[in-house]
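This report refers to the structure that appears directly beneath it.
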Amino acid sequence: MRQQDPAPRRAYYGLAEIADALGLSRQLVTVWRRRRSHDMPEPTAELSSGPIWHGAAIEPWIDRLRTQRDGDAQAVPLTPELAARLARRVLRLLVLLLEDRPRPQLLAQAVAAVRDVEPAVEATQADDDGRLARTVLAALAGDSAPAAVRARLADVLPDLARLVRKANAEPAAETAPNG
């Protein structure tokens with residue numbers, strides 16, 4: 001099997017190009033930038049279309065992160081149990097957001113419950129399942145107004161459905177629907 005060629009070198013990178021180079025979602029890279037996590041370098045400039053980086057400034061970081069993620073022996077596959085836990089918590093949050101008058105205390109608890117699984121999701125491998133879970137989590141980034149979060153969660157519903165299928169792929173124990 002042919003080894004995948006490294007991402008093409010570019011003069012400039014935006015969030016989409018960084019995400020492509022890392023094999024991650026644009027939403028997740030945006031979250032990293034907003035949270036100033038993963039030692040992501042500051043952009044070279046901000047345009048109306050978003051931040052940009054000179055290739056020479058961002059490529060060493062991309063290479064380092066790719067190497068860390070590829071060689072991380074501690075990364076684990078996304079388990080059906082973790083997929084189910086994430087899906088349940090995100091769906092609970094979405095149900096609360098669909099109420100006519102979302103209750104702030106319940107919303108805060110539901111957001112906190114989703115954030116509680118974030119470290120476990122971040123520790124998963126950067127395979128399709130891990131990227132899928134990170135994409136769902138990334139929907140919580142940005143504007144925290146209920147309508148904005150509801151819209152972003154609606155956008156990732158297909159990804160959430162795939163997580164539910166992952167959770168059901170290897171059931172731990174069969175139980176009757178009533179029990």
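With sequence neighbours excluded, the residues satisfying side chain to side chain contact (heavy atoms under 4.5 Å, CB included) with I58 are Y13, I18, P41, W53, W61, I62. For R33, the salt bridge (Lys or Arg N to Asp or Glu O under 4.0 Å) partners at least two apart in sequence or on another chain are E46. In this structure R88 satisfies the salt bridge (Lys or Arg N to Asp or Glu O under 4.0 Å) test with no other residue, sequence neighbours excluded. Take D127 and apply the salt bridge (Lys or Arg N to Asp or Glu O under 4.0 Å) test, not counting sequence neighbours, and it matches no residue.
The minimum heavy-atom distance between L65 and H38, with the atom names listed, is CD1-CD2, 4.2 Å. Closest of all the heavy-atom pairs between L153 and L94 is CB-CD1, 4.0 Å. Closest heavy-atom contact between Q27 and T135: OE1-CG2, 3.2 Å.
Between the side chain of R134 and the main chain of E122, a donor-acceptor pair closer than 3.5 Å is present. At distances below 3.5 Å, at least one donor-acceptor pair connects side-chain atoms of R89 with backbone N or O atoms of A113. A donor-acceptor pair under 3.5 Å is absent between the side-chain atoms of T124 and the main chain of P77, judged by distance alone.
Counting heavy-atom neighbours within 6.0 Å of R26 CZ, excluding the residue itself, gives a total of 12 or less.
Evaluation of the salt bridge (charged side-chain N to carboxylate O under 4.0 Å, His left out) test over residues 151-162, restricted to residues two or more places apart or in two chains, returns none. Legend: salt bridge (charged side-chain N to carboxylate O under 4.0 Å, His left out) pairs involving residues 95-115, not counting sequence neighbours, sorted by first then second residue: E99-R103, R115-E118.
Looking at heavy atoms from C-beta onward, L96 lies out of side-chain contact with P102 at the 4.5 angstrom threshold.
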